Novice: 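Take this structure, written in structure tokens, and hold onto it; I'll ask about it next.
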Number of protein chains: 2
Amino acid sequence: MANQTPELPVRPGRRRSTSQHELERVAFELFARQGFDATTVDEIARGAGIGRRTFFRYFDSKNDVVWGSFGEHLERMREHFRRCPPGQPLLDALRTVVVEFNRVDPEDVPWHRRRMELILRVPALQAHSTLRYADWRAVVAEFAAGRLGVPPDALKPQALAYAALGVALAAYEHWLADPGSDLCAVLDAAMTDLARGFGS
Amino acid sequence: MANQTPELPVRPGRRRSTSQHELERVAFELFARQGFDATTVDEIARGAGIGRRTFFRYFDSKNDVVWGSFGEHLERMREHFRRCPPGQPLLDALRTVVVEFNRVDPEDVPWHRRRMELILRVPALQAHSTLRYADWRAVVAEFAAGRLGVPPDALKPQALAYAALGVALAAYEHWLADPGSDLCAVLDAAMTDLARGFGS
DNA sequence: ACGGTAATGACACCGGGTGCCAGAGGGAAG
DNA sequence: CTTCCCTCTGGCACCCGGTGTCATTACCGT
């Protein structure tokens, strides 16, 4: 896990010469100008004034740059689930949390759009992102399993987690394709479809 | 598209020295013995008595070996959809087709298991497979769009296609984890959950 | 035997990713 | 200030997947 930087008060030893965030900034700049595939790790490193080897100490791979600090966000989602009223129907809770989890500050929307454009449209990232989604699904499956009173690896919570992820991705794609749309509204609509078994 | 070999009657020029199928055989042998990641393309090529460069004329990538001839299977799925009675509810049709599409000859089950174990458990393949799933989803979305009277890129058919894929993957994982289970039965159960909005 | 056509494989090259290691930079204790 | 210890750095060599190029090989029909 190269993506950890506890960075507590003062520690012995040399201090880090840059940060994930800074590398992300430099990388996104290059991705915007030349595209993801055409940008090499060497270029990102040079742009940030570090060695190529050092880049791989900040990120496990070039792909991981676009994901920033996703792990912490997931913790936030778990929190959302915990706050759901116990009596709330499973799919209502799920819909609400997915929508809230994906609500972003209006000022951050353009940045979020660029990030998601990369993740959902660059084949290399589409592929790699699957691995990140697994963690997302695990959080959902855990919650669903708790509500259903079954183990998290049972079929139903797993299927639901997979389905919810898929629905969310479809919503994201729809949002990206339509610049005027509101992400939360689209997510809500799609998750409602899911809860209704895509009927009526 | 390296994966094409029309191989009509007689053609001029040198004949292919091996086949996708043969390479697949050799590769699976090595994957079983040393694992996917630990097997290099050089080894596969050497094992099949061809040059490394030639390997990449049979498959676009090492990842693609495990997928065999997936394209043709998709055509079969389209066919299944076409045969659905027009009055059948959308999700019933979908469930039926997904189940039938994944029915395999009992004698081919062990082979299918090994293939799916690779696809669903090796991270590199999990990631890459996402790209293959896109074609699967397109077939589903096309059918759903037709039934719903909306364009294939509308939110609902896309969300449904994504959800169906997810549910199918969950079923596959469940099947892999439980050697005694019947794939079709698991798929049927999972798709039924989907149709019911995961309620009751 | 010959000419056209396709597949082959070697070679060189690119880029992502890793193990290794010497050295730079910094804190704290003497 | 010097010393010890610790961490981060970055160069280097290496592995592997993937690609462009090109001479060569094998097969067809004439």
Side-chain angles (χ1 to χ4, degrees), chain A residues 1-23 26-27 30-31 34-67 118 122-125 127-129 131, chain B residues 1-23 26-27 30-31 34-67 118 122-125 127-129 131:
Chain A
M1 230 44 91
N3 303 12
Q4 302 317 326
T5 320
E7 216 58 60
L8 292 166
V10 273
R11 289 187 307 160
R14 184 174 180 168
R15 271 163 296 168
R16 295 169 93 79
S17 62
T18 181
S19 65
Q20 263 122 274
H21 196 75
E22 170 62 11
L23 285 179
V26 172
L30 288 165
F31 295 161
Q34 358 178 107
F36 180 84
D37 291 318
T39 302
T40 70
V41 171
D42 286 80
E43 287 174 313
I44 301 172
R46 214 173 326 117
I50 60 169
R52 162 196 163 76
R53 189 64 183 83
T54 301
F55 171 91
F56 285 108
R57 289 205 182 86
Y58 284 84
F59 293 100
D60 289 335
S61 75
K62 177 181 162 187
N63 295 325
D64 284 311
V65 176
V66 302
W67 277 93
L118 286 169
V122 175
L125 294 175
H128 175 258
S129 299
L131 307 176
Chain B
M1 224 55 82
N3 303 12
Q4 302 317 327
T5 321
E7 216 58 62
L8 292 166
V10 274
R11 289 187 306 159
R14 184 172 179 169
R15 271 163 297 169
R16 295 171 93 79
S17 62
T18 181
S19 65
Q20 263 121 275
H21 196 75
E22 170 63 10
L23 286 179
V26 172
L30 289 165
F31 295 161
Q34 357 178 105
F36 180 84
D37 292 317
T39 302
T40 68
V41 171
D42 286 79
E43 287 174 312
I44 302 171
R46 215 173 324 117
I50 61 169
R52 161 196 165 72
R53 188 64 182 85
T54 301
F55 170 90
F56 286 108
R57 290 205 181 88
Y58 284 83
F59 293 101
D60 288 336
S61 75
K62 177 181 161 186
N63 295 325
D64 285 310
V65 176
V66 302
W67 277 93
L118 286 170
V122 175
L125 293 174
H128 175 258
S129 300
L131 307 176

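Please read these numbers as outputs of a predicted model, since none were measured by experiment. Chain letters run A, B, ... following the sequence lines, proteins first, then strands; residues in each count from 1.
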Novice: Distance from A:L30 atom CG to A:F36 atom CZ, nearest 0.5 Å?
Specialist: 11.5 Å
Novice: Would you say a side-chain N or O of A:S17 is under 4.0 Å from OP1 or OP2 of D:dT9?
Specialist: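 For A:S17, the contact criterion (side-chain N or O under 4.0 Å from OP1 or OP2 of D:dT9) is met.
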Novice: Starting from C1' on C:dG25, measure out to CD1 on A:I50 and report it in whole angstrom.
Specialist: 16 Å
Novice: From the options C:dG27, C:dG16, D:dC22, select the nucleotide whose nearest atom is closest to the side chain of A:R15.
Specialist: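 For the A:R15 side chain, the nearest candidate turns out to be C:dG27.
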Novice: Could you tell me the separation between the CH2 atom of B:W67 and the CG atom of B:D60, rounded to the nearest 0.5 Å?
Specialist: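 If I round to the nearest 0.5 Å, the distance is 14.5 Å.
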Novice: Establish whether the base of D:dG10 is bridged to the side chain of A:R52 by a donor-acceptor pair shorter than 3.5 Å.
Specialist: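 Between D:dG10 and A:R52, which were checked side chain against base, a qualifying N/O pair under 3.5 Å is absent.
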Novice: In whole angstroms, how far is the P atom of C:dG16 from the CG atom of A:L125?
Specialist: 12 Å
Novice: What is the distance, rounded to the nearest whole Å, between atom CG of A:D37 and atom P of D:dG18?
Specialist: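 Roughly 13 Å, once rounded to whole Å.
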Novice: Would you mind telling me which of D:dG18, C:dT8, C:dG16 lies closest to the side-chain atoms of A:V41?
Specialist: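 Selected nucleotide: C:dG16.
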Novice: Given D:dC27, is OP1 or OP2 found less than 4.0 Å from the side-chain N or O atoms of B:R16?
Specialist: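 Looking at the OP1 and OP2 atoms of D:dC27, neither is under 4.0 Å from any side-chain N or O of B:R16.
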Novice: I need the CG-C1' distance between A:D42 and C:dG17, as an integer number of Å.
Specialist: 12 Å
Novice: Identify which nucleotide among D:dC8, D:dT19, C:dG9 has an atom closest to any side-chain atom of B:T54, counting heavy atoms from C-beta outward.
Specialist: C:dG9
Novice: In whole angstrom, what separates A:R57's CZ from C:dC20's P?
Specialist: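 About 13 Å, once rounded to whole Å.
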Novice: C:dT8, C:dG16, D:dG17: which one has an atom nearest the side-chain heavy atoms of B:T40?
Specialist: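 Nearest to the side-chain atoms of B:T40, counting from C-beta on, is D:dG17.
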Novice: Distance check needed: C:dG16 P versus A:D64 CG, whole Å only.
Specialist: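 Result: 14 Å.
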Novice: At less than 4.0 Å, is any side-chain N or O atom of A:Y58 found next to OP1 or OP2 of D:dC8? Yes or no.
Specialist: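 No.
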Novice: Which nucleotide in the list C:dT5, D:dG10, D:dG18 gets nearest to the side chain of B:P12?
Specialist: C:dT5
Novice: Could you tell me which non-hydrogen atom of B:T39 sits nearest to which non-hydrogen atom of B:K62, and how far apart they are?
Specialist: O-NZ, 2.6 Å
Novice: Using heavy atoms to find the nearest nucleotide of DNA chain C for B:G13 and B:T18 separately, return the residue whose nucleotide is more 5′.
Specialist: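 Here B:G13 is the residue nearer the 5' end.
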Novice: Side chain of B:R14 only, please: which of C:dA6, C:dG9, D:dG10 is the nearest?
Specialist: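 That would be C:dA6.
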Novice: The test is side-chain contact (heavy atoms from CB on, under 4.5 Å); show your working for B:R16 and B:R57 and say whether it passes.
Specialist: CA-CA 10 Å; B:R16 295 171 93 79; B:R57 290 205 181 88; 5.6 Å; no
Novice: Could you check how far NZ of A:K62 sits from C1' of C:dG17, rounded to whole Å?
Specialist: 12 Å
Novice: Which nucleotide sits closest to the side chain of A:R53: C:dT8, C:dG16, C:dC20?
Specialist: C:dC20
Novice: Specify the separation, in whole Å, of atom CZ of A:F55 and atom P of C:dT18.
Specialist: 11 Å
Novice: For the CZ atom of A:F31 and the CG atom of A:D37, what is their distance to the nearest 0.5 Å?
Specialist: 9.5 Å
